[in-house]
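For reference, the structure discussed in these notes is given below.
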Amino acid sequence: MDWARQRPTWREASPAVIAAALKRSAARPSGNWYVLGPSKEIRPGRPHGRTIAGTEVVAWRDTAGRLLAGPGACPHLGAPLRESPVHCGRLVCHWHGLALDGRGAAGWEPYPAHDDGVLAWVRLDAVGGEEPLDRPVLPARPPRAASLTAVTEAEGVCEPEDVVANRLDPWHGAWFHPYSFSDLTVVRAPGVEADPADAEEDGFVVEVSFKVGSRGTVPVRAAFTAPEPRTVVMRIVEGEGATSVVETHATPLGADDRGRPRTMVTEAVLATSDRPGFALARAAAPLLRPLVRRASARLWRDDLAYAERRWHLRGTGRFPG
């Protein structure tokens, strides 16, 4: 179908419905957990650093491969621990040799960390200010052993709510991403007064065709839900790849040198299929992951433009929603 001839969706894309869904997602507990990055990026023998909501964090793995995390500044004189080496599972400050094994020492106290096999998380209670949870709020996923997984990261000038709002507007899909989607219809949207206690029912269900190659399409039914304030999950509920999920996580980083908020989008794809040939696809995962990441990066190039525009309009009092 010609792009300009598809059915307009602007009347259905109610700003009030999107805003209400965003408000309900913001009220759900996160337990103060934030995505640090892809699990595979935190490798044995080297530290991984990230600033989350202005808090400098360093993470590494001990000799058993366990994820450890804590403040990114050495308590002695403030050395950047993300630049320090890991020796025998201990992070050793490269300024004066203070060795950290993940337990409290010399004024350095660890942060709770969690590795779900796809993403690495850190719990920052002083940042989140909520009642802590033992683990992050994770959606149901297909078995990792039966899935092709890929993680993509992209950074934008906006706040996490702008990223979540983008995902809670499924109506833009075929208009804004015609290279990936066609024939998109939202068959169920939550009302403005939906029950916030039921994150599964408080979601959007769409019928959409994913474009494969230059001419092929794969029709599916998918549900979009927000299990916590900084996460939106797209799950295929009917059609090819049923139970596959795409998780979008928005992590606040802090302000840039112009005082603007920065947010990291971490998108985790866990794709599965009952087709016999899918086992071959999983075997070829090292070749397929870059293709999945490239497709996600193209989508997020556009969706971050949406999120950044939303943030800009909100900041200047011109956002119509």
Side-chain angles (χ1 to χ4, degrees), residues 3 9 13 18 21-22 25 34-41 50-53 118-121 139 141 147-182 184 203-204 206 208-212 218 220 222-236 241 244-254 256 260-271 288-314 321:
W3 177 82
T9 57
I18 297 169
L22 180 64
S25 71
Y34 297 82
V35 171
L36 261 174
S39 242
K40 291 181 179 293
E41 290 299 309
R50 172 155 287 169
T51 298
I52 297 176
V118 179
L119 301 173
W121 301 73
R141 291 171 167 173
S147 301
L148 171 67
T149 63
V151 181
T152 305
E153 292 186 299
E155 183 179 328
V157 176
C158 59
E159 295 179 332
E161 76 159 76
D162 301 300
V163 172
V164 174
N166 168 269
R167 274 295 182 259
L168 295 179
D169 167 19
W171 293 278
H172 77 270
W175 282 101
F176 203 34
H177 308 296
Y179 47 83
S180 291
F181 309 113
S182 65
L184 187 150
F204 300 81
V206 307
V208 63
S209 292
F210 288 92
K211 292 188 176 181
V212 180
V218 179
V220 301
F224 289 78
T225 55
E228 58 111 83
R230 293 176 294 277
T231 298
V232 177
V233 179
M234 188 278 287
R235 177 179 290 104
I236 297 178
S244 298
V245 299
V246 178
E247 300 174 9
T248 301
H249 303 275
T251 301
L253 301 180
D256 65 11
R260 303 176 302 175
R262 296 174 303 125
T263 293
M264 180 66 72
V265 175
T266 306
E267 185 156 278
V269 176
L270 289 89
L288 293 177
R289 281 195 187 99
L291 299 178
V292 176
R293 285 196 290 262
R294 190 177 307 150
S296 293
R298 185 180 184 186
L299 283 167
W300 274 108
R301 179 193 65 200
D302 292 337
D303 278 338
L304 274 173
Y306 176 127
E308 291 179 333
R309 174 68 173 176
R310 184 181 186 275
W311 172 79
H312 175 71
L313 291 176
R314 287 195 303 111

request  = Would you check if Thr266 and Leu119 make a side-chain contact, meaning some heavy-atom pair closer than 4.5 Å?
outcome  = yes

query = Do you know the tightest heavy-atom contact between Ala307 and Asp162?
reply = O-CB, 3.5 Å

inquiry  = Are the side chains of Thr225 and Pro139 in contact, using a 4.5 Å heavy-atom criterion?
reply    = no

note = When rounded to the nearest 0.5 Å, the distance separating CH2 of Trp3 from CH2 of Trp175 is 5.5 Å

ask   = Is there side-chain contact between Glu247 and Val118, with heavy atoms separated by less than 4.5 Å?
value = no

key: Value rounded to 0.5 Å, distance of CD1 in Ile18 from CG in Asp169   = 4.0 Å

inquiry  = Below 30° counts as parallel, above 60° as perpendicular, anything between as tilted: where do the rings of Phe176 and Tyr306 land?
reply    = tilted

key: Stepwise side chain to side chain contact (heavy atoms under 4.5 Å, CB included) test for Trp300 and Val163   = CA-CA 10 Å; Trp300 274 108; Val163 172; 3.7 Å; yes

query = Looking only at heavy atoms, which two atoms of Thr152 and Ala297 are closest? And how far apart?
reply = CG2-N, 4.0 Å

Shortest non-hydrogen contact between Leu304 and Gly156, atoms and distance = CD2-CA, 3.9 Å

inquiry  = Within this structure, what is the NE2-CZ distance for the pair His177 and Arg301, rounded to the nearest 0.5 Å?
reply    = 10.0 Å

task = With sequence neighbours excluded, tell me which residues meet side chain to side chain donor-acceptor pair (under 3.5 Å) with Thr251.
result = none

request  = State, yes or no, whether a side-chain contact exists between Leu299 and Phe181 at a heavy-atom distance under 4.5 Å.
outcome  = yes

ask   = Roughly how far, to the nearest 0.5 Å, is the OG1 atom of Thr248 from the CZ atom of Arg167?
value = 4.0 Å

request  = Evaluate the side-chain proximity of Thr51 to Leu253: yes if any heavy-atom separation is below 4.5 Å, no if none is.
outcome  = no

key: Closest heavy-atom pair and its distance - Val164, Pro229   = CG2-O, 3.5 Å

Minimum heavy-atom distance between Ser182 and Val208, given as atom pair plus value = O-CG2, 3.6 Å

request  = Decide whether a cation-pi geometry holds between Arg230 and Tyr34; the criteria are a distance under 6.0 Å from NZ or CZ to the six-membered ring centre and an angle within 45° of the ring axis.
outcome  = yes

message = So, taking the atom named CZ in Phe210 and the one named CD1 in Ile236, what distance separates them when rounded to the nearest 0.5 Å?
response = 5.0 Å

key: Ile52 CD1 to Met264 CE distance, which is reported to the nearest 0.5 Å   = 10.0 Å

ask   = In chain order, what residues pass the side chain to side chain donor-acceptor pair (under 3.5 Å) check against Asn166, with sequence neighbours excluded?
value = Asp303

query = Under a 4.5 Å cut-off applied to non-hydrogen side-chain atoms, are Arg289 and Thr149 in contact?
reply = yes

message = For Glu41 and Arg50: C-alpha separation, side-chain torsions, deciding distance, then whether salt bridge (Lys or Arg N to Asp or Glu O under 4.0 Å) applies.
response = CA-CA 12 Å; Glu41 290 299 309; Arg50 172 155 287 169; over 6 Å; no

ask   = Does a side-chain heavy-atom distance below 4.5 Å link Arg310 with Cys158?
value = no

query = What pair of heavy atoms forms the shortest contact from Ala150 to Arg293, and how long is it?
reply = CB-CG, 4.3 Å

